[in-house]
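Within every chain, numbering begins at 1; the chains are lettered A, B, ... in the order of the sequence lines, protein sequences first and strands thereafter. All values below come from the heavy atoms of this structure, side chains included, with hydrogens, waters and symmetry mates left out.
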There are 2 protein chains.
Amino acid sequence: MKQENRKDEIIHTATKLFKKKGYSAVTMRDIAKSMGIKAASLYNHINSKQEILTNIIISLAEEFTDEMNNILKSDLNSIDKLKEIISLHVKITSENTNGMASLNNDWMHLEEKLDYYLSLRHKYEEDFREIINEGISKKEISNSNSEIMLFSMLSTLRSLYLWTPNQKDINELANSLSDVLINGVKI
Amino acid sequence: MKQENRKDEIIHTATKLFKKKGYSAVTMRDIAKSMGIKAASLYNHINSKQEILTNIIISLAEEFTDEMNNILKSDLNSIDKLKEIISLHVKITSENTNGMASLNNDWMHLEEKLDYYLSLRHKYEEDFREIINEGISKKEISNSNSEIMLFSMLSTLRSLYLWTPNQKDINELANSLSDVLINGVKI
DNA sequence: TTACGAAACTAACAACCGTTAGTTTAGATT
DNA sequence: AATCTAAACTAACGGTTGTTAGTTTCGTAA
C-alpha cells in the first residue's frame with residue numbers, strides 16, 4: 001500500500017513548479033531536487049509525469065463541473081447565478097492557485113484524459129452560456145453580445161490565478177469582482 | 001547577406017507551433033519538419049531557438065509600448081482612452097494571434113531579454129493604471145476597486161488571442177468589447 | 001532478534017534535445 | 001563554361017529526458 005501522503009507532496013511540489021515554468025519545462029529531476037530526493041525515488045509513489053498533470057487538472061475540472069451543476073439547478077435569478085459562478089472561481093482559485101495555472105496553460109499536454117477534459121470544459125462553457133442567454137430573455141441581462149460577455153467574464157475568472165495570491169479577504173474579492181464584471185467601470 | 005524572407009518564414013512557422021504546445025514542447029525538429037526541411041538547415045537563417053522566441057515577444061511588447069505612449073499623450077477623456085486601449089489590443093491580436101500566445105504564456109522562457117520584457121510589461125500596466133485612476137479622480141470612472149478594473153480589463157484583453165480567430169469585423173469586435181467592459185452586463 | 005516493507009538510493013537505458021561542422025545542390029553572375 | 005553563393009543536406013556532438021532495474025537503509029511488527 002502506498003502512503004497517499006507522499007504522493008500528494010509530489011503533486012503539490014510539481015504544481016508549484018508547473019506554474020513557474022509550465023509542464024514541459026519542468027523535469028522529474030527538478031521535482032525531485034525540490035523535495036530533496038532523487039528522480040528515481042518519485043516512481044515509488046507515482047507512475048509517470050503524465051499522471052501528475054492529469055491528477056492536477058482533472059480534479060480541478062471536475063470540481064468546477066460539480067459546482068456549476070449546483071448553480072444551474074438552483075432557483076436564483078440570472079445575475080445571482082453569475083455571482084455564484086464568480087464566487088466559485090474565486091474559491092477554487094484561492095484554494096489551489098498553482099493548480100489553476102496548469103488547468104489554464106497545460107491542458108493540451110494531457111494524453112489519455114485530453115478528450116475527457118475537453119468535454120468537461122465544453123460542457124462548462126455551455127452551461128455558462130445558457131445562464132447568460134436565460135438572463136437576456138428574462139430581461140435581467142443586457143440584450144447584446146452574449147458571446148462577448150461570456151468570454152470577458154470567463155477570461156477574467158480564468159486569469160484569477162495570476163493575482164489572487166496577493167488577495168486577503170476572499171469574500172471581498174468575490175464581491176468587488178462581481179461589481180466590476182456586472183456593472184462595468186463607468187460611473 | 002541572409003535573406004530576411006526565410007527567417008520570417010521560420011518565425012512564422014514557429015509562432016504557430018508555439019501557440020499549440022508552448023515554447024518548451026516545440027523542438028527545432030518540429031519547426032523544420034513543418035517547413036519540409038531538416039533542423040540543421042534552420043541555422044542558416046537563425047542563431048538559436050531562443051532568438052525566435054525573443055523576436056516574437058519583444059516586437060509585440062514594443063508595439064504595445066509605443067501605442068500606449070500615444071494614447072497617454074492624447075487629450076481624450078478617460079473612457080475614450082480605455083476604448084483606444086481596447087482597440088489597440090484587438091488590432092495587434094488580430095494581426096498576430098499566434099504571437100500573442102507566446103507573449104502571454106512563454107515570456108518566462110526569455111533569457112537575456114527577460115528583464116527588458118518585464119520592464120516594458122511593468123510600464124504598460126503602470127500607464128493603464130494611471131488612466132483608470134485619472135478617470136476616477138475626474139469622476140468619469142466608478143470610484144471603486146481600480147485594481148480589479150485594471151485586472152479584469154487586462155485579463156480579457158490578454159485572452160483575446162484565444163478567440164479572435166473566429167472574429168470577422170475587427171471594428172465591431174472592439175466596439176462590442178468596449179460596451180461590455182465599460183458598461184458591464186446588467187440591463 | 002529477526003523479518004518485513006516502505007522509501008530512499010545508484011546506475012543505467014534508449015530516445016531525444018539544441019547545435020555544430022563539413023558537404024552537396026542548384027540557380028545566378030561573371 | 002567557370003565561379004560564386006544561398007540554402008539545403010548528412011553526420012555527429014555532448015547533454016538531458018522520462019523511466020526501469022536492482023540495491024540499500026531503517027523504522028516497525030512479529
Side-chain angles (χ1 to χ4, degrees), chain A residues 1-58 101-102 105-114, chain B residues 1-58 101-102 105-114:
Chain A
M1 292 294 157
K2 287 175 186 171
Q3 260 186 266
E4 201 64 11
N5 258 351
R6 200 63 172 142
K7 179 172 181 175
D8 289 346
E9 274 184 66
I10 292 172
I11 292 173
H12 184 252
T13 303
T15 305
K16 269 194 290 187
L17 296 177
F18 290 169
K19 187 193 176 191
K20 267 187 224 151
K21 309 201 294 173
Y23 174 75
S24 301
V26 173
T27 70
M28 296 302 278
R29 285 165 181 84
D30 288 337
I31 299 170
K33 190 166 218 170
S34 147
M35 299 181 69
I37 62 177
K38 300 289 173 180
S41 306
L42 297 170
Y43 289 84
N44 286 321
H45 309 281
I46 52 122
N47 296 311
S48 66
K49 188 187 178 189
Q50 176 67 205
E51 187 193 43
I52 300 176
L53 183 69
T54 301
N55 203 303
I56 295 170
I57 292 181
I58 297 298
S102 291
N105 302 322
D106 288 322
W107 56 267
M108 71 285 276
H109 299 116
L110 289 173
E111 291 165 9
E112 299 92 19
K113 296 277 189 175
L114 176 58
Chain B
M1 292 292 157
K2 287 176 189 172
Q3 261 187 266
E4 202 64 11
N5 258 352
R6 200 64 173 142
K7 178 171 181 176
D8 288 346
E9 274 184 66
I10 293 172
I11 293 173
H12 185 252
T13 303
T15 306
K16 269 194 289 187
L17 297 177
F18 289 170
K19 187 194 176 188
K20 267 189 223 150
K21 309 201 295 175
Y23 174 74
S24 301
V26 174
T27 70
M28 296 303 278
R29 285 165 180 84
D30 288 336
I31 299 170
K33 190 166 217 169
S34 146
M35 299 182 69
I37 62 176
K38 301 289 174 180
S41 305
L42 296 170
Y43 289 85
N44 286 321
H45 309 282
I46 53 123
N47 296 310
S48 65
K49 187 187 179 189
Q50 177 68 205
E51 186 194 42
I52 299 176
L53 183 69
T54 300
N55 203 301
I56 295 170
I57 292 181
I58 297 298
S102 291
N105 302 322
D106 288 322
W107 57 266
M108 71 285 277
H109 299 116
L110 289 172
E111 292 166 6
E112 299 92 20
K113 296 277 189 174
L114 176 58

| Hey, does the side-chain of A:N44 have a donor or acceptor N/O within less than 3.5 Å of a partner on the base of C:dA6? | no
| said: Quick one about B:N44 and B:S41 (side-chain donor to acceptor, distance below 3.5 Å, no hydrogens or angles considered), yes or no? | reply: no
| message | Measure CZ/B:R6 against C1'/D:dA6 and give the value in whole Å, please. | response | 11 Å
| said: Tell me the interatomic distance from B:K7, atom NZ, to D:dA6, atom P, rounded to whole angstroms. | reply: 16 Å
| field | A:W107/A:L114 under side-chain contact (heavy atoms from CB on, under 4.5 Å): CA gap, chis, key distance, verdict | value | CA-CA 7 Å; A:W107 56 267; A:L114 176 58; 4.0 Å; yes
| Can you tell me if the side-chain N/O atoms of A:S41 get under 4.0 Å from OP1 or OP2 in C:dC9? | yes
| Looking at B:K49, B:E51, B:Q50, which one forms a side chain to side chain donor-acceptor pair (under 3.5 Å) with B:N47? | B:E51
| So does B:K49 get a side-chain nitrogen or oxygen closer than 4.0 Å to the phosphate oxygens (OP1/OP2) of C:dG18? | yes
| said: As an exercise, state the distance from CD of B:E9 to CD1 of B:I37, rounded to the nearest 0.5 Å. | reply: 9.0 Å
| query | When the nearest nucleotide of DNA chain D is assigned to B:G36 and to A:D30 on a heavy-atom basis, which residue is associated with the more 5' position? | reply | B:G36
| Where the side chain of B:A39 is defined as all heavy atoms beyond and including C-beta, which of D:dC9, C:dT19, D:dA8 is the nearest nucleotide? | C:dT19
| task | Return the nearest nucleotide to the side chain of B:I37; candidates are D:dT19, C:dT19, D:dC9. | result | D:dC9
| Which whole-number value in Å describes the distance from B:K33 NZ to C:dG18 C1'? | 17 Å
| Roughly how many Å is it from NZ in B:K38 to C1' in C:dG18, rounded to a whole number? | 16 Å
| query | So how far is it from B:I31 CD1 to B:I10 CD1, rounded to the nearest 0.5 Å? | reply | 8.0 Å
| said: Please compare A:L42 and A:R29 by the position of their nearest nucleotide in DNA chain C and report the one closer to 5'. | reply: A:L42
| Using a heavy-atom distance cut-off of less than 4.0 Å, which residues of residues 20-28 of chain B contact DNA chain C? | B:V26, B:T27, B:M28
| note | Checking A:N105, A:I57, A:D106 against A:Y23 for side chain to side chain contact (heavy atoms under 4.5 Å, CB included), the one that qualifies is A:D106
| Hey, what do you get for CD1 (A:I56) to NZ (A:K19), rounding to the nearest 0.5 Å? | 13.0 Å
| field | Any A:H45 side-chain N or O less than 4.0 Å from OP1/OP2 of C:dA6 | value | no
